[in-house]
Number of protein chains: 2
Amino acid sequence: MITLTEENYIKAIFHLGKQGSETVNTNALAEAMSTKASSATDMIKKLAEKNYANYKKYQGVSLTEDGKRVAVNIIRKHRLWEVFLVEKLNFTWDQVHDVAEQLEHIKSQKLIDELDAFLGFPTHDPHGDPIPDKSGKFIHIEKLSLASAKVGIVYMCVGVNDSSVDFLKYLDNNAISLGTRMEIVHKEPFDHSIKIRLNGRELMVSQTVGKNLFLKEV
Amino acid sequence: MITLTEENYIKAIFHLGKQGSETVNTNALAEAMSTKASSATDMIKKLAEKNYANYKKYQGVSLTEDGKRVAVNIIRKHRLWEVFLVEKLNFTWDQVHDVAEQLEHIKSQKLIDELDAFLGFPTHDPHGDPIPDKSGKFIHIEKLSLASAKVGIVYMCVGVNDSSVDFLKYLDNNAISLGTRMEIVHKEPFDHSIKIRLNGRELMVSQTVGKNLFLKEV
DNA sequence: ATATATTTTTAGACTTATCTAAATATATAT
DNA sequence: ATATATATTTAGATAAGTCTAAAAATATAT
Ligand SMILES: [Mn+2]
Ligand SMILES: [Mn+2]
Ligand SMILES: [Mn+2]
Ligand SMILES: [Mn+2]
């Protein structure tokens, strides 16, 4: 039996440590969990005790195979629910995350299998993030950030790095969504801002935007 | 802020005390919550403190208007999710309750409003229980138990009193579901068993079944 | 009316997850 | 190499929800 809190820590270790294999610092984990380092230490010990995490004092934490399995399953549930909310319940992509944070902890194998089928076995969530299949495999599409895109080439938007409400609304306000095509017009060396052309009009975006928007060549 | 545990106690008080207005014994509440009377006492105090419950020592507990609002909202969510699971995700009526027990605690007004609309504003759950509308109103249809039905009259099954897996599977095995029509053929005075006719065939059911199946005249 | 049984509450302990403050280990700078 | 800074762990408290055992109140029986 695994608690909701344990699940959330495991998920955080997975995300911080590149799929849970790299070692994660106690402070980084505490920061991600909006808690104190002492609390993180307590939980790390508990996860190690339960064989979800590898831990040596002062040496950071990583996930065991069991821990990774748990993490992937929660991520799968989270992203499937996000698809459901957008596709079936008229949520926008900036409204789904908080609800999915709750829904991802519902325990029922049949529920998630049926939801997957009901949605037509989606491979990506509303933010372009891949949805692991039942066996835990991610479909990885190669993508690059707008910041590293090349002038003169046409790309399609395939994801976001930052899924914050503010960023997603910024994209909405500028009519950028998954599938939107854009050409890189100019990259300003001074402040790394980027001029792009989409749907005829030109738009200037900051380096921050550039780093948080994922593209692929079309 | 209200915890999951508080919500479950409030729901139990509501169900035990006929919509929360009648007074509920500490022992009955503990029994319903599968816990000890001392724990129930602690929670009753807490609910009274938060103005969800009326409580005088040794005199039992009932819900305040606030408490009733909370209870009705949870019941609304529970039953809407049950409809979703049956209508959209191929769950059978004996599979939905445990999952709905989890889903009913998800907090998002938009989620429940949109789910309601997505399902076509259903008025009853898969067990025939009424779903309160957004304002908390129940549509009450008059129904009677099979045990109190009259010989020679034709009825339609509209609900169950006992939603246990065993009872629901018993009904499945005997091809009885919501909407099934049946005529009362004979009521046995000795053990109160009942002979009914449905779809041409005759079936003998016990008094227990009679008390747990709800009908209305057609 | 008094004794007995039942119900309910209280007292004190335990678990999980959190916190603050202090101690200890590791990393960095001179 | 030693001092200083940073990161991590430990110690001790707190709050929520639970438990057992004992005390107190209420209900029932003779
Ligand atoms: Mn999300
Ligand atoms: Mn997402
Ligand atoms: Mn139910
Ligand atoms: Mn139901």
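Protein chains get the first letters and strands the later ones, always in sequence-line order, with residue 1 at the start of each. Note that the structure is a prediction, hence the values are computed from the model and not measured.
For H97(A), the ring-ring contact (aromatic ring centres under 6.0 Å, His included) partners at least two apart in sequence or on another chain are H78(A). Residues satisfying the side chain to side chain contact (heavy atoms under 4.5 Å, CB included) criterion with K216(A), sequence neighbours excluded, are M156(A), V158(A). A search for side chain to side chain contact (heavy atoms under 4.5 Å, CB included) contacts involving H105(A) returns L4(A), E7(A), N8(A), not counting sequence neighbours. Residues satisfying the salt bridge (Lys or Arg N to Asp or Glu O under 4.0 Å) test with D66(B), not counting sequence neighbours, are R69(B). In terms of the ring-ring contact (aromatic ring centres under 6.0 Å, His included) criterion, H124(B) has no residue partners (sequence neighbours excluded). In this view, K137(A) and D133(A), S135(A) satisfy the side chain to side chain contact (heavy atoms under 4.5 Å, CB included) rule, not counting sequence neighbours. Taking D113(A) as the reference, R76(A), Q109(A), K134(A) meet the side chain to side chain contact (heavy atoms under 4.5 Å, CB included) condition, with sequence neighbours excluded.
At whole-Å resolution of the value, CG in L29(A) and C1' in dT8(D) are 12 Å apart. Whole-Å rounding puts the E31(A) CD to dA7(D) P distance at 12 Å. Between the CE atom of M43(A) and the C1' atom of dT8(D) there is a distance of 17 Å, rounded to whole Å. Rounded to an integer number of Å, the gap from K36(B) NZ to dA22(D) P is 15 Å.
A donor atom on one side chain and an acceptor atom on the other are not found under 3.5 Å apart for D166(B) and S164(B).
For the salt bridge (charged side-chain N to carboxylate O under 4.0 Å, His left out) condition, no pair includes a residue of residues 23-32 of chain A, sequence neighbours left out.
Taking a 4.0 Å limit (strictly below) on heavy-atom distances, residues 1-13 of chain B does not reach DNA chain C anywhere. A heavy atom closer than 4.0 Å to some atom of DNA chain C occurs in no member of residues 98-108 of chain A.
Under the 30°/60° scheme for interplanar angles, the aromatic rings of Y170(B) and F167(B) are found to lie parallel.
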Dump every N/O contact between nucleotides 8-11 of chain C and the protein below 3.5 Å, one line per pair.
residue : atom : partner : partner atom : Å
dT8(C)  : OP2  : N27(B)  : N            : 2.9
dT8(C)  : OP2  : N27(B)  : ND2          : 3.4
dT9(C)  : OP1  : Y55(B)  : OH           : 2.3
dT9(C)  : OP1  : Y58(B)  : N            : 3.0
dT9(C)  : OP2  : T26(B)  : OG1          : 3.0
dT9(C)  : OP2  : T41(B)  : OG1          : 2.9
dT10(C) : OP1  : K57(B)  : NZ           : 2.5
dT10(C) : OP2  : K45(B)  : NZ           : 2.3

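In the displayed structure, K107(B) atom NZ is contacted under 6.0 Å by more than 12 heavy atoms of other residues, nucleotides or ligands.
Ion pairing between a basic and an acidic side chain is recognised when a charged N comes within 4.0 Å of a carboxylate O; K88(B) and E114(A) show no such pairing. Using a 4.0 Å cut-off between charged side-chain N and carboxylate O, K150(A) and E217(A) make no salt bridge.
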If you write DNA chain D from 5' to 3' in dot-bracket form, with Watson-Crick or G-U pairs under 3.5 Å, [ ] for crossing pairs and | for pairs with another strand, what do you get?
||||||||||||||||||||||||||||||
